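One structure is given here, and the rest of the page talks about it.
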Amino acid sequence: MEYGKYAYFEGKIVPIEDAKVSIMTHAFNYGTGMFEGIRGYWNDEEGQLYIFKLKEHYQRMFKNFNLFKIELPITIEDASAVTVELARKNEYRRDMYIRPLAYKSSYEIGPRVHNLKNEFAIFNIPLGDYVNTSDGLNVMVSSWRRVPDNSIPARSKATGIYINSALASTEAKGNGFDEAIMLTQDGHVSEGSAMNLFMVRDSALVTTPVTSNILEGVTRQTIIQIAREQMDIETTVRPVDRTELYIADELFFCGTGAQVAPITSVDRRPVGGGKPGELTMKLQALYFAVVQNRLAEYSRWLTPVY
Ligand code: PMP
């Protein structure tokens with residue numbers, strides 16, 4: 001993996017080689033960390049790198065700190081400022097990805113979230129497509145169920161929770177699929193391994209509710225808003241049955257990594273004739289315009305790095 005030369009670690013920007021944790025670190029042993037995923041988009045004409053919804057990502061992260069009793073001596077504003085400073089120091093002039101991490105840093109044995117030290121770190125990588133966004137993805141319904149809120153809260157990006165995503169992703173890839181869709185314990189559609197899901201049925205745009213063990217996606221919220229404001233389409237947020245996936249007109253994933261990615265088959269059944277959906281691709285074009293600062297009314301969502 002290519003990565004940025006510098007990282008933010010233990011209160012300062014340091015060479016990435018110096019940003020190391022011990023094998024005794026609590027988060028390494030018990031998954032007691034929480035992360036974010038944020039994208040920076042390079043706009044060549046402007047010679048500018050734009051970070052998309054920086055504040056919104058940190059708002060989600062900092063709110064969820066309460067779940068795991070994470071207290072940090074920094075504010076959302078401090079974290080945002082250092083994120084911009086690090087991206088600038090890494091001199092990215094291409095699309096990139098920002099990975100902030102808050103984690104239990106004490107050297108202690110025993111799973112818990114109280115009475116432990118917390119640390120905050122950030123690293124950067126260059127990132128183009130995380131999944132294919134043009135051809136259409138072939139996905140399977142995973143045999144692994146999404147973790148229920150009463151076991152590990154899926155609305156947080158807890159590091160340990162991604163074992164659930166990893167199992168689903170490996171199962172899908174091992175069976176020749178591009179991605180997985182996970183169901184809740186009661187058999188309703190939840191989300192992908194690292195992306196939210198939208199469906200088009202009879203011209204209605206539908207997405208799964210925050211009570212279906214999903215991450216409350218920043219991109220999901222963006223899609224709901226641009227569909228409303230740019231296309232006059234209201235999104236219906238409701239539980240979705242598994243078999244609706246098989247009869248949907250269109251399906252797509254969305255997320256910081258996934259961006260807007262059409263799905264063209266589920267469990268080897270073609271979706272909407274097996275081609276990326278029309279509404280999906282319109283929303284994708286709008287999304288790319290927004291994140292690259294080609295739709296001025298949304299420039300408030302962008303933080304320039306240079
Ligand atoms: N669900 C999961 C499990 C994820 O890891 C992600 C990626 N952060 C998403 C959904 C999409 O969320 P967002 O749009 O905030 O990146």
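Order of listing sets the numbers, starting from 1, for every ligand and every atom in it. All of these numbers come straight from a predicted model, not from anything done at the bench.
Taking 4.0 Å as the cut-off between side-chain N and carboxylate O, Glu216 and Arg60 do not count as a salt-bridged pair. Between Glu244 and Arg238, at least one side-chain N (NZ, or NE/NH1/NH2) sits under 4.0 Å from a carboxylate O, which counts as a salt bridge. Using a cutoff of 4.0 Å between basic side-chain nitrogens and carboxylate oxygens, Asp149 and Arg155 are scored as salt-bridged. A salt bridge does not link Asp135 with Lys275: every distance from a Lys NZ or Arg NE/NH1/NH2 to an Asp or Glu carboxylate oxygen is 4.0 Å or more. Classification of Lys157 and Glu36 as a salt-bridged pair fails, no side-chain N sitting under 4.0 Å from a carboxylate O.
In this structure, Ala154 has no heavy atom closer than 4.0 Å to ligand 1. At a 4.0 Å cut-off, at least one heavy atom of Lys157 sits close enough to ligand 1 to count as contact. Residue contacts with ligand 1 leave out Glu216, since none of its heavy atoms falls under 4.0 Å from the ligand.
When each atom of ligand 1 is checked for a heavy atom of Gly217 under 4.0 Å away, the hits are 12 (O), 13 (P), 14 (O), 15 (O). The atoms of ligand 1 that sit less than 4.0 Å from any heavy atom of Ser193 are 3 (C). Every atom of ligand 1 is numbered from 1 in the order shown, and the set under 4.0 Å from a heavy atom of Met195 is 1 (N), 2 (C), 4 (C), 6 (C), 9 (C), 10 (C). In summary, the atoms of ligand 1 found under 4.0 Å from a heavy atom of Arg146, numbered by their order in the structure, are 3 (C).
The shortest N/O to N/O separation between Gly37 and ligand 1 does not fall below 3.5 Å. For His57, no nitrogen or oxygen atom sits less than 3.5 Å from a nitrogen or oxygen atom of ligand 1, counting backbone and side chain alike.
Protein heavy atom nearest atom 14 (O) of ligand 1, with residue, atom name and distance: Thr219 OG1, 2.5 Å. Protein heavy atom at the shortest distance from atom 16 (O) of ligand 1 is Thr256 OG1, 2.5 Å. In terms of protein heavy-atom proximity, atom 6 (C) of ligand 1 is closest to Ala194 O, 3.2 Å. If you check which protein heavy atom lies closest to atom 10 (C) of ligand 1, you get Glu191 OE1, 3.3 Å. The nearest protein atom to atom 5 (O) of ligand 1, hydrogens excluded, is given as Tyr162 OH, 2.5 Å; this is a heavy-atom distance.
Comparing heavy-atom distances from atom 15 (O) of ligand 1 across Arg155, Arg220, Arg60, Met182 singles out Arg60 as nearest.
Listed here is the closest heavy atom pair of Asp95 and Trp42: OD1-N, 2.9 Å. When every heavy atom of Gly47 is checked against every heavy atom of Tyr306, the shortest pair comes out as O-CD1, 4.5 Å.
Remark: of the listed residues Asn118, Asn115, Thr25, Asn118 is the sole one forming a side-chain hydrogen bond (donor to acceptor under 3.5 Å, both in side chains) with Lys104.
Phe198 and Phe252 have parallel rings, their planes meeting at less than 30° on a 0 to 90° scale where 60° marks the start of perpendicular.
For Thr208 and Glu191, the side-chain atoms include no donor-acceptor pair closer than 3.5 Å.
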